[in-house]
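All ligand and atom numbering here is 1-based and tracks the order in the structure. Owing to the predicted nature of the structure, the values given are computational and were not obtained by experimental measurement.
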Amino acid sequence: MIELNDVVYCRLGTTDLAGAEWYATNILGLEVSDRRRGAVYFKSDSRAHTLCYFEGDPEDQATAFELGRKEDLHAAGAALEALGHRVHYGSRAECEQRFVREFIRFNDPTGNTIEFVVRPEATGQRYHGTRDAGITGFSHVGLCTTDAERDELFWTTVCNARVSDRIGDAPLMRLGTIHHSIALFPFHKAGIQHINHQVGGTDDIQRSFNFVQDNQVNVTFGPGRHPTSSAEFLYFTGPEGMTFEYSTGVREIHDEPLWRDRQFHFAPKGFCHWGAAPRIAAFEDGSI
Ligand SMILES: O=C(O)c1cccc(O)c1O
Ligand SMILES: [Fe+2]
């Protein structure tokens with residue numbers, strides 16, 4: 001069993017690095033933590049970085065998860081190879097690009113690029129954005145899946161993810177005590193479906209609802225409240241069409257192993273307690 005501790009960063013290719021940086025700082029509210037040739041790194045909490053935009057194909061996206069020790073990483077690589085995954089061991093330069101000690105890269109069964117890393121760099125410094133979005137940290141990713149049942153099995157049997165709840169066939173899965181660090185949404189192709197940052201409270205959600213609209217950013221869902229995690233949320237569109245989510249008040253699960261996953265409708269009421277309807281393809285039609 002591959003024991004993942006947490007989701008640690010996303011890497012997103014872009015054809016407009018300057019535009020992506022402008023959006024990440026001035027709209028999303030992240031802080032630039034570093035610049036390298038062809039890449040900009042962003043902080044959203046005390047970690048060295050939780051998002052990287054790099055010059056490249058917008059379809060080139062990766063999501064990274066942390067494992068405990070390098071022995072665990074090597075065991076994970078061997079286990080993935082035994083299952084037929086092609087595993088790339090990161091070079092020194094690639095590790096430096098990611099602020100990690102070691103990492104492996106492979107594709108999940110849908111074809112999403114996944115990185116497993118050890119010793120991602122932390123900083124002693126708090127994050128502070130120039131725009132006060134109230135962000136408290138990077139929290140979860142939604143990944144597209146072309147077969148939710150198959151991919152749920154991958155994340156829960158090859159890895160240690162546990163299903164907290166399902167919306168239709170879309171599993172919301174935890175790695176620690178937070179309701180979900182990874183969610184899978186049926187879609188016809190691979191990709192990161194959305195990136196979530198937690199914010200401090202309801203005021204931050206409501207303030208951002210006005211702020212992003214005033215800045216001609218497309219709100220695609222919310223404000224609302226998820227029946228699943230009970231978090232209040234707002235979704236809006238970012239560079240290259242990426243969906244970003246702010247949420248606050250996500251449920252923590254401390255009564256493991258007593259928690260039983262619940263089944264919600266794949267319909268607006270399964271996504272929002274307040275009656276908001278999503279305008280996000282992967283939330284509107286669970287068939288692929
Ligand atoms: O927080 C949730 O429960 C949730 C539910 C559906 C879709 C999401 O993105 C979520 O974060
Ligand atoms: Fe989410």
Item to complete: Would you mind listing the cluster partners of Val8? Hydrophobic ones only (ILVMFWY), side-chain contacts under 4.5 Å, chaining allowed.
Response: Tyr9, Val100, Phe103, Val117
Worksheet item: Hey, what's the ring geometry for His194 with Tyr235, parallel, tilted or perpendicular (30° and 60° as the breaks)?
Response: perpendicular
Worksheet item: Near the Fe ion (ligand 2), which protein N/O/S atoms fall under 2.8 Å?
Response: His140 NE2, His194 NE2, Glu245 OE1
Item to complete: Run the numbers on Glu115 and Arg98 for salt bridge (Lys or Arg N to Asp or Glu O under 4.0 Å), then give the verdict.
Response: CA-CA 10 Å; Glu115 297 180 353; Arg98 288 160 177 77; 2.9 Å; yes
Worksheet item: Side chains of Arg36 and Asp34: does their closest heavy-atom pair fall under 4.5 Å?
Response: yes
Discussion item. The criterion is ring pair (Phe, Tyr, Trp, His ring centres under 6.0 Å); which residues satisfy it with Phe116, sequence neighbours excluded?
Written reply: Phe106
Discussion item. A cation-pi test, strictly: NZ or CZ of Arg11 under 6.0 Å from the centre of the six-membered ring of Phe54 and no more than 45 degrees from its axis. Yes or no?
Written reply: yes
Fill in: Side-chain donor-acceptor contact under 3.5 Å, Gln198 with His140
no
Worksheet item: Taking the six-membered ring for Trp, are the ring centroids of Phe266 and Phe271 within less than 6.0 Å of each other?
Response: yes
Worksheet item: Using the ring of each side chain (for Trp, its six-membered ring), is Phe99 parallel, tilted or perpendicular to His49, with breaks at 30° and 60°?
Response: tilted
Practice prompt. Report all protein residues having a heavy-atom distance below 4.0 Å to some atom of ligand 1; order the list by chain, then number.
Written response: His140, Ile167, Leu172, His180, Phe185, His194, His226, Thr228, Ser229, Tyr235, Glu245, Phe271, Phe283
